[in-house]
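Following: one structure in structure tokens, then a few remarks.
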Amino acid sequence: MKSPIEDVEWDSDFFGYKVGKIVVTVPGEFDIEQLLIDNKSYRLVYIVADMALNLPNIPAKLVDRKVTLHQRINETVLDFQADLQIETFDLKKDSYQQLENLALLSGTFSRFKTDENFTNNEYERLYTQWLRNSVYKQTAFDILVAKTADKITGFVTLEKKSATLSAIGLVAVASHVQGRGIGLALIQEAKKRSLAHSFSEIQVVTQADNSAAFHLYRKADFTPIDMKYIYHYWNV
């Protein structure tokens, strides 16, 4: 019988220690606590569940309630107007450092930042790599930036998930300009760009604890369609 623990090879290689994942779709499907006790080769195991879990006998901590929001895109999104310059990031003329600073800001609620067991700059390294992959078109087909006084004060990355589905990846607005509608303008422009690339749907994933982001997406007419409970189990 195949073990319910899957090797997460990319994370293991990137972080430098063995990472695994358990996916739980049915309560009581298997004994998670005993499974983890019997498998000590993993330093970190992600437990991803469709429901909240009761794990009193192991040090597994709930680190995220990951919400997926979705929207079908239609021509009505083109009605949105914003008095703001939004353009595609250009590595030849735009500041990569400004973009990187915002990328690190985008993960304020990330489990890789909030889990204190990460002690080797995993969060900074991960988000820096994510941005690099986006800029060099390995993961993103577009990066939209908003500028204030010629400085990048907001951005969003767009990724292809399927022939019909695009996804918002990284998104952030600089702290000193929040509340001015920049985030909403970026999201609306992301929908326009997705439609222009022949996508008919768009999705975004955020943390349930990130109430500001959640309300932004709801304001932009996204609908929650799924929530995952993510736990981290550490062998430390």
Side-chain angles (χ1 to χ4, degrees), residues 7-17 19 21 44 46 64 66 68-71 73 84-113 118 120-175 177 182-183 185-207 210 213 216-217 220:
D7 290 341
V8 186
E9 295 182 359
W10 192 94
D11 294 44
S12 299
D13 292 341
F14 190 75
F15 293 146
Y17 47 79
V19 179
K21 180 173 76 172
L44 170 62
Y46 308 142
D64 192 6
K66 185 170 71 174
T68 300
L69 300 100
H70 174 271
Q71 181 179 159
I73 314 172
L84 180 70
Q85 180 185 2
I86 297 177
E87 58 191 40
T88 295
F89 176 78
D90 186 342
L91 187 60
K92 294 181 180 179
K93 69 181 182 67
D94 294 326
S95 169
Y96 186 89
Q97 186 60 58
Q98 291 174 14
L99 196 65
E100 184 177 285
N101 292 341
L102 284 174
L104 294 176
L105 179 65
S106 72
T108 300
F109 290 85
S110 167
R111 58 194 169 98
F112 297 99
K113 183 177 179 65
F118 288 115
N120 295 314
N121 295 319
E122 286 95 338
Y123 163 72
E124 289 82 0
R125 291 165 49 212
L126 182 63
Y127 273 70
T128 299
Q129 184 64 49
W130 192 355
L131 177 64
R132 185 177 297 116
N133 290 347
S134 297
V135 168
Y136 290 99
K137 307 296 184 183
Q138 296 178 33
T139 55
F141 67 84
D142 205 346
I143 301 176
L144 306 177
V145 294
K147 294 181 179 179
T148 304
D150 293 327
K151 291 187 177 181
I152 298 173
T153 51
F155 86 112
V156 60
T157 65
L158 279 169
E159 305 169 4
K160 177 181 178 179
K161 289 298 182 182
S162 73
T164 60
L165 178 65
S166 70
I168 293 170
L170 297 171
V171 57
V173 174
S175 301
V177 293
I182 294 175
L186 282 165
I187 299 304
Q188 295 298 103
E189 184 64 29
K191 290 191 284 185
K192 290 183 184 181
R193 296 292 181 96
S194 295
L195 193 63
H197 280 80
S198 300
F199 294 103
S200 58
E201 303 170 86
I202 187 170
Q203 76 174 32
V204 63
V205 176
T206 192
Q207 299 86 14
N210 189 351
L216 170 64
Y217 297 128

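Numbers for residues simply follow the sequence, beginning at 1.
With sequence neighbours left out, the ring-ring contact (aromatic ring centres under 6.0 Å, His included) criterion links Tyr217 to Phe222. Applying the side chain to side chain contact (heavy atoms under 4.5 Å, CB included) criterion to Lys137, with sequence neighbours excluded, gives no partner residue. For the side chain to side chain contact (heavy atoms under 4.5 Å, CB included) test, residues two or more places apart in sequence or in another chain that qualify with Asp7 are Glu9, Lys18, Tyr42. For Lys147, the side chain to side chain donor-acceptor pair (under 3.5 Å) partners at least two apart in sequence or on another chain are Glu87, Asp94. Partners of Asp150 by side chain to side chain contact (heavy atoms under 4.5 Å, CB included), not counting sequence neighbours: none found. Every residue was checked against the side chain to side chain donor-acceptor pair (under 3.5 Å) condition with Thr157, not counting sequence neighbours, and none meets it. Partners of Lys21 by salt bridge (charged side-chain N to carboxylate O under 4.0 Å, His left out), not counting sequence neighbours: none found.
Scanning both residues, Ala167 and Lys161, for their nearest heavy atoms gives CB-CG, 3.6 Å. Between Leu84 and Ala146, the shortest heavy-atom distance links the atoms CD2-CB, 3.9 Å. Closest approach of Thr88 to Val145, counting heavy atoms only: C-CG2, 4.5 Å. Residue Leu186 comes nearest to Gly154 through the heavy atom pair CD1-C, 3.6 Å, listed as atom of the first residue, atom of the second, then distance. Residue Tyr96 comes nearest to Thr128 through the heavy atom pair OH-O, 4.3 Å, listed as atom of the first residue, atom of the second, then distance. Of all heavy-atom pairs between Ile187 and Ala220, the closest is CG2-CB, 3.8 Å.
For Lys92, the NZ atom is loosely surrounded, since the number of other residues' heavy atoms within 6.0 Å does not exceed 12.
A salt bridge (charged side-chain N to carboxylate O under 4.0 Å, His left out) check over residues 121-132, counting only residues at least two apart or in different chains, returns nothing. Residue pairs meeting the salt bridge (charged side-chain N to carboxylate O under 4.0 Å, His left out) criterion with at least one member in residues 164-173: none, sequence neighbours excluded.
No side-chain donor-acceptor contact under 3.5 Å links Glu159 to the backbone of Gly169.
By the 4.5 Å heavy-atom criterion applied to side chains, Val171 and Leu216 are not counted as neighbours. In this structure the side chain of Phe15 never reaches within 4.5 angstrom of the side chain of Asn120, judged on heavy atoms. No side-chain heavy atom of Val19 sits under 4.5 Å from any side-chain heavy atom of Phe14.
Among Asp142, Val135, Leu144, the one residue that satisfies the side chain to side chain contact (heavy atoms under 4.5 Å, CB included) test with Phe89 is Val135.
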Exercise. Stepwise, does the side-chain hydrogen bond (donor to acceptor under 3.5 Å, both in side chains) test hold for Asp11 with Tyr46?
Worked result: CA-CA 11 Å; Asp11 294 44; Tyr46 308 142; 2.7 Å; yes

Problem set entry | Intermediate values then yes/no, side chain to side chain contact (heavy atoms under 4.5 Å, CB included), Tyr136 and Leu91 | CA-CA 9 Å; Tyr136 290 99; Leu91 187 60; 3.6 Å; yes

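One finds the CG atom of Leu158 at 11.0 Å from the CG atom of Leu170 (value rounded to the nearest 0.5 Å).
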Under 3.5 Å, side-chain donor or acceptor atoms of residues 101-112 against the rest of the protein: list the pairs with distances, not counting sequence neighbours.
| unit_1 | atom_1 | unit_2 | atom_2 | d |
| --- | --- | --- | --- | --- |
| Asn101 | OD1 | Gln97 | NE2 | 2.9 |
| Asn101 | ND2 | Gln97 | O | 3.4 |
| Ser106 | OG | Ala103 | O | 2.5 |
| Thr108 | OG1 | Leu105 | O | 2.7 |
| Ser110 | OG | Phe112 | N | 3.1 |
| Ser110 | OG | Tyr127 | OH | 3.4 |
| Arg111 | NH1 | His232 | NE2 | 2.8 |

List the atom pairs, with distances to 0.1 Å, where a side-chain N or O of residues 195-206 and a protein N or O form a donor-acceptor pair under 3.5 Å, not counting sequence neighbours.
| unit_1 | atom_1 | unit_2 | atom_2 | d |
| --- | --- | --- | --- | --- |
| His197 | ND1 | Arg193 | O | 2.9 |
| Glu201 | OE1 | His70 | NE2 | 2.8 |
| Glu201 | OE2 | Thr164 | OG1 | 3.3 |

